[in-house]
Amino acid sequence: DHCLTEADPEVRAIIDHEKNRQFKSLELIASENFTSRAVMEAVGSCLTNKYSEGLPGKRYYGGNEYIDELEILCQQRALAAFHLDGKNWGVNVQPLSGSPANFEVYTALLSPHDRIMGLDLPHGGHLSHGFMTPKRRVSGTSIYFESMPYRLDESTGLIDYDMLEKTATLFRPKIIIVGASAYPRDFDYPRVRKIADAVGAFLMMDMAHISGLVAASVLADPFEYCDVVTTTTHKSLRGPRGGMIFFKKDPVLGVDLESAINNAVFPGLQGGPHNHTIGGLAVCLKHAQSPEFKAYQGQVVSNCKALANRLIELGYKLVSGGSDNHLVLVDLRPLGLDGARVEKILDMASITLNKNSVPGDKSALVPGGIRIGTPAMTTRGFNEKEFTETADLIHEGVQITLKAKKSAQGSKLQDFMKFIESPEFSLKDSVAD
Ligand code: PLP
């Protein structure tokens, strides 16, 4: 058997280039991280060769004695990492990623066309929480279920819990989804629990972005209030790409969550689990119980505060005025700029972040903000000082973008750009709507 360099130099070269890019850039995408060598070793192991449909002890294939041992170990570590006992909570570690994990919960708890409420995507929610536009049901969640998103209070940048309560009382969703992809604050779990109870809905938390911070107890604990908690494993948690679903063991609203969720994962929506991922996840979840992990997550939050403070000093408007977690959302509209151009300019300087919509945006194609996250560079050893300097570099990128925009004023090129960004153009020709 040949090693990769001999067997396929083309793929080897692409991997080397990507490794070099990761090594040489400032990685500020809030949903990304660098996992450990130990996790990557498990992910690149012979575990990828094995079929093991079913759950430990109840497989549809032979030869699973070690895979059973691995999955049970991974489940035990998952519960321990989130301070849960196996009596009240169970976990399924087989979801292939975050979006499938969420759809598996909906499949378990809902019937087609049941009503759901999640945070609207342009206000920080995730596609898999039911995003749709006036013209199109974009996500599978909004195709198969009736979605009525809740939103932020645009004046504060905080979730409008009053409006959520009012809408839920009228809309009567069967499930309320908490959690976000671009929300810089923590969640008011007691408040949403009350709303869910009042309307008889399941309460689900998608902690994908913040699961590392939750494991380290630097943010509030969703398990105290929610019925189901989903997560990806590759963001702040620093594991391999994958997903998990935690569920209460006792029936909720008359439903046995354990069997409903396990059946929705397999045979409902998946076949064989990715055992190499489960191996990597087990390694990650051992690390997640260590004092170094707790210190790391504390540093992620301190770094984010340093970044936010410096940006505020430099005059930037942050959505919600700051951050409690691992990310900030910068509103660039007061400068007459959008996130797309700033993302591009910074990308040319090897600073990687993403354009992001901010509350009040007119166009999803040219969003008015950028999202900046601290988990990845904290893994690489950045502290407050480096993140303060990072804010200065971003500021220079913004200044350069502003200058470029000014010097283009009056040019035909700018007229053309105005045209393609106008609402008429996007309405007529956009595929996104
Ligand atoms: N949930 C949230 C809150 C997310 O931010 C994301 C991804 O960014 C997902 C779910 C989906 O995860 P995946 O990309 O692994 O499907």
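Side chains are part of it too, since the values below use all heavy atoms of this structure and drop only hydrogens, waters and symmetry mates. Every number for a ligand or one of its atoms is a count from 1 in the order of the listing.
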Side chains of Ser99 and Ser97 only: does a donor on one sit below 3.5 Å from an acceptor on the other?
no

Show your reasoning for whether side-chain contact (heavy atoms from CB on, under 4.5 Å) applies to Phe246 and Asn92.
CA-CA 6 Å; Phe246 295 85; Asn92 189 309; over 6 Å; no

Under 3.5 Å, is there a donor-acceptor pair between the Thr388 and Arg310 side chains?
no

Could you list which atoms of ligand 1 come closer than 4.0 Å to a heavy atom of Ser99?
11 (C), 12 (O), 13 (P), 16 (O)

Does the ring centre of His209 sit less than 6.0 Å away from the ring centre of Tyr183?
no

Answer with yes or no whether the side chains of Thr231 and Ser211 bring together a donor and an acceptor at under 3.5 Å.
yes

Of all the heavy atoms in His234, does at least one lie under 4.0 Å from an atom in ligand 1?
yes

Carboxylate-amine/guanidinium contact Glu71 Arg59, below 4.0 Å:
yes

I need the atoms of ligand 1 closer than 4.0 Å to a non-hydrogen atom of Ala208, numbered in the order shown.
1 (N), 2 (C), 3 (C), 4 (C)

So is Ser128 polar-close to ligand 1, meaning N/O to N/O under 3.5 Å?
no

When the ring centroid of Phe34 is compared with that of Phe23, is the distance short of 6.0 Å?
no

Please state which protein non-hydrogen atom is closest to atom 10 (C) of ligand 1 and give its distance, to 0.1 Å?
Asp206 OD2, 3.4 Å

In ligand 1, which numbered atoms sit nearer than 4.0 Å to a non-hydrogen atom of Thr232?
12 (O), 15 (O)

So, 4.0 Å and heavy atoms of Ala180: is ligand 1 close enough to count as a contact?
yes

Among all protein heavy atoms, pick the one closest to atom 15 (O) of ligand 1 and tell me residue, atom and distance.
Ser97 OG, 2.4 Å

Show me which atoms of ligand 1 lie under 4.0 Å from any heavy atom of His209.
5 (O)

Of all the atoms in ligand 1, which lie at a distance below 4.0 Å from a heavy atom belonging to Ser181?
2 (C), 3 (C), 4 (C), 5 (O)

Hey, do the aromatic rings of Phe247 and Trp89 have their centres closer than 6.0 Å?
no

Quick one: which of Lys235, His129, Met205 has a heavy atom closest to atom 8 (O) of ligand 1?
Lys235

